[in-house]
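Input: a single structure, listed below in structure tokens.
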Amino acid sequence: MGDLKSALPVVLDLTGRLVVAVGGGPVSARRVRSFLDEGAVVRVVAPWLCEDLRDLAHAGRVEWLERDYAGPGDLDGAWFAHTATGESSVDREVAADAESLRVWCVDATDSTGTTASVTARADVTTPDGRVTVSAYAAGDPGLSVTVRDGVERALVSGALDLRRTRPRTGPSSTGDGWVALVGGGPGTDGLLTARGHELLASADVVVVDRLAPRAVVDRLPASVRVIDVGKTPGHHPVPQSGINGILVEEAQRGHGVVRLKGGDPFVLGRGGEERDACEAHGIPVEVVPGVTSAVSVPAAAGIPVTHRGVARGFTVVTGHEDIPVLPTGGDHTLVLLMAVNGLRWTTTLLRKNGRSADCPVAIVERGFAPDQRVTVGTLETIADLAVGRAVESPAVVVVGDVVRLGPDWRAAH
Ligand code: SAH
């Protein structure tokens with residue numbers, strides 16, 4: 001199988017330039033779309049068009065010469081030509097005419113006669129702009145696709161460190177800093193999203209919480225500045241206004257800033273305030289959702305927050321103000337965050353407001369960590385059990401009949 005004798009990779013700016021596509025089938029249609037995406041002016045020469053191309057022609061997005069290819073005149077004014085007629089004699093003729101006019105031409109059906117070849121391509125949006133990946137393996141389009149996919153995966157997974165290519169020092173007058181509020185999930189790497197990993201591979205500064213996934217932070221290269229706002233040496237967390245200030249200042253210095261938070265940024269995480277603070281200073285902010293502990297930590301203990309025939313809904317709360325208005329049936333699951341310290345008062349309030357004393361309760365400490373621990377009881381017994389077992393934060397408290405579905409309840413009853 002032959003192919004281009006020499007293959008210099010280039011990118012072409014087709015904006016406003018004429019591309020002639022000969023042939024009206026699906027291969028032509030796919031390529032015409034990509035020429036249009038790049039802003040080209042497209043002329044299609046073909047006696048008939050497949051549906052995709054017909055739509056483009058009817059919408060006036062391409063010029064259609066509704067006939068067979070009629071010689072070099074059809075290529076008049078073209079910067080680039082593409083032929084995919086399915087008739088090798090016609091494709092050869094188009095390629096030969098293009099050659100004599102010195103117009104680069106892709107012959108989609110004959111890899112030996114072509115003067116240009118399209119590559120396997122992917123576009124990846126990084127925080128610093130679009131990257132086009134283009135792969136070409138002579139005579140083996142399948143290999144091109146495999147390589148393209150591999151590079152794309154490395155980019156979107158964060159396996160490729162993008163920091164090296166980006167100027168990082170000094171104040172930026174162009175203001176190209178950015179902030180991403182990234183939900184880190186409940187603490188384990190595997191539950192951080194691909195987009196989260198990708199942004200971490202571009203960040204200059206990472207601002208972390210106590211409950212953000214530590215292993216991810218530990219793997220960051222030494223050049224990345226990690227600011228821990230969850231705990232300072234004196235054990236005082238940085239106040240929210242201070243965190244907002246750090247995000248804004250670092251971005252204004254032209255840095256890419258990832259604010260890595262536990263769980264989801266918008267679930268009891270003050271992510272909305274951080275976004276507003278950045279936007280108030282005109283800083284671009286991306287919010288990347290995370291796997292919230294409210295749902296995933298019960299799951300880590302084998303407890304589904306809803307289950308057919310057991311519970312149809314759930315409420316996530318912290319604090320006590322909301323308790324009087326919550327549903328009281330065991331078929332409505334309550335998920336309590338930041339609830340360890342106030343547990344006795346919470347359980348008392350729940351009972352006063354109508355939950356039954358024997359409603360099952362589970363406390364899941366350090367969800368997904370190797371030393372995760374689950375304590376099960378009822379509204380009546382759980383506060384004493386928690387004291388007896390020295391239960392500590394971080395923990396998620398689950399109240400409702402779904403607790404019976406987990407292995408710990410089964411083992412205890
Ligand atoms: N935005 C976070 C919640 C922040 S509030 C989210 O969506 O998950 C902090 C509370 O989350 C903790 O007090 C605890 O109740 C809970 N939490 C977070 N991670 C946890 C974990 N790995 N195990 C148990 N509880 C956790």
Side-chain angles (χ1 to χ4, degrees), residues 180-193 195-196 207-218 228-231 235 237-240 243-244 247 258-276 285 287-305 314-323 333-347 350 361-376 382-383 386 389-400 402-403 406 408:
L181 307 180
V182 175
T188 176
D189 295 31
L191 294 177
L192 172 65
T193 61
R195 182 64 180 159
V207 182
V208 290
D209 267 349
R210 199 167 55 91
L211 293 174
R214 284 286 151 172
V216 174
V217 176
D218 293 345
D228 192 337
V229 292
K231 222 190 309 172
H235 297 288
V238 177
Q240 190 60 48
I243 297 172
N244 297 352
L247 300 180
V258 164
R259 167 78 172 113
L260 185 63
K261 303 168 73 71
D264 183 276
F266 283 177
V267 177
L268 300 171
R270 307 189 73 168
E273 294 166 51
E274 294 174 1
R275 182 200 54 193
D276 292 350
V285 196
V287 180
V288 182
V291 173
T292 180
S293 63
V295 174
S296 63
V297 170
I303 302 169
V305 291
F314 65 98
T315 303
V316 181
V317 278
T318 179
H320 299 122
E321 310 81 60
D322 308 318
I323 287 179
T333 307
L334 297 186
V335 180
L336 307 164
L337 301 190
M338 298 182 271
V340 172
N341 288 337
L343 187 62
R344 190 174 298 277
W345 180 226
T346 307
T347 50
L350 285 169
V361 181
I363 307 175
V364 188
E365 294 170 85
R366 298 175 294 277
F368 295 95
D371 59 347
Q372 169 177 312
R373 184 172 70 156
V374 184
T375 302
V376 288
I382 198 72
R389 282 162 58 97
V391 164
E392 318 180 308
S393 191
V396 171
V397 180
V398 192
V399 181
V402 288
V403 169
D408 296 275

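Both counts, for ligands and for their atoms, begin at 1 and track the order of listing.
- Between I243 and R270, every side-chain heavy-atom pair lies at or beyond the 4.5 Å cut-off.
- Of the candidates T188, L268, T318, L211, it is L211 that places a heavy atom closest to atom 12 (C) of ligand 1.
- When P213, S293, G269 are ranked by how near their heavy atoms come to atom 20 (C) of ligand 1, first place goes to S293.
- Nearest protein heavy-atom contact of atom 13 (O) of ligand 1 is M338 CG, 3.1 Å.
- Using a 4.0 Å cut-off between heavy atoms, R366 contacts ligand 1 through its backbone alone, with no side-chain atom that close.
- Looking only at protein heavy atoms, the nearest one to atom 22 (N) of ligand 1 is P186 O, 2.9 Å.
- Residues P298 and V364 have side chains not in contact (no heavy-atom distance under 4.5 Å, counting atoms from C-beta outward).
- For V364, every heavy-atom contact with ligand 1 shorter than 4.0 Å involves the backbone, none the side chain.
- The parts of V396 lying near ligand 1 are both backbone and side chain, judged by heavy-atom distances below 4.0 Å.
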| request: Given salt bridge (charged side-chain N to carboxylate O under 4.0 Å, His left out), test R210 with D228 step by step and report yes or no. | output: CA-CA 8 Å; R210 199 167 55 91; D228 192 337; over 6 Å; no
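- Counting heavy atoms from C-beta on, the side chains of F314 and V295 come closer than 4.5 Å.
- When non-hydrogen atoms are compared, ligand 1 lies under 4.0 Å from the side chain of V297 (C-beta onward) but not from its backbone.
- Across all their heavy atoms, L336 and V399 have their closest contact at CD1-CG2, 4.1 Å.
- For D218, the CG atom is densely surrounded, since the number of other residues' heavy atoms within 6.0 Å is greater than 12.
- Within the set A395, A339, G367, the minimum heavy-atom distance to atom 21 (C) of ligand 1 is found for G367.
- Of all the heavy atoms in I363 and A386, the pair that sits closest is CD1-CB, 3.9 Å.
- Counting the atoms of ligand 1 from 1 in the order shown, those under 4.0 Å from a heavy atom of L337 are 3 (C), 15 (O).
- Within ligand 1, counting atoms from 1 as listed, the ones closer than 4.0 Å to a heavy atom of T292 are 6 (C), 7 (O), 8 (O).
- Looking at A369 against ligand 1, nothing comes within 4.0 Å, counting heavy atoms.
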| message | side-chain contact (heavy atoms from CB on, under 4.5 Å) for T333 and V398? Distances and angles first, verdict last. | response | CA-CA 7 Å; T333 307; V398 192; 3.7 Å; yes
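- Under a 4.0 Å heavy-atom criterion, G262 is in contact with ligand 1.
- The nearest heavy-atom contact from the protein to atom 3 (C) of ligand 1 is V267 O, 3.5 Å.
- Side-chain atoms of V182 and L192, non-hydrogen and from C-beta on, do get closer than 4.5 Å to each other.
- Summarising the geometry of P213 relative to G184, their closest heavy-atom pair is CG-O, 3.4 Å, with the distance given to 0.1 Å.
- Taking a cut-off of under 4.0 Å to the non-hydrogen atoms of D264, the atoms of ligand 1 that pass are 1 (N), 6 (C), 7 (O).
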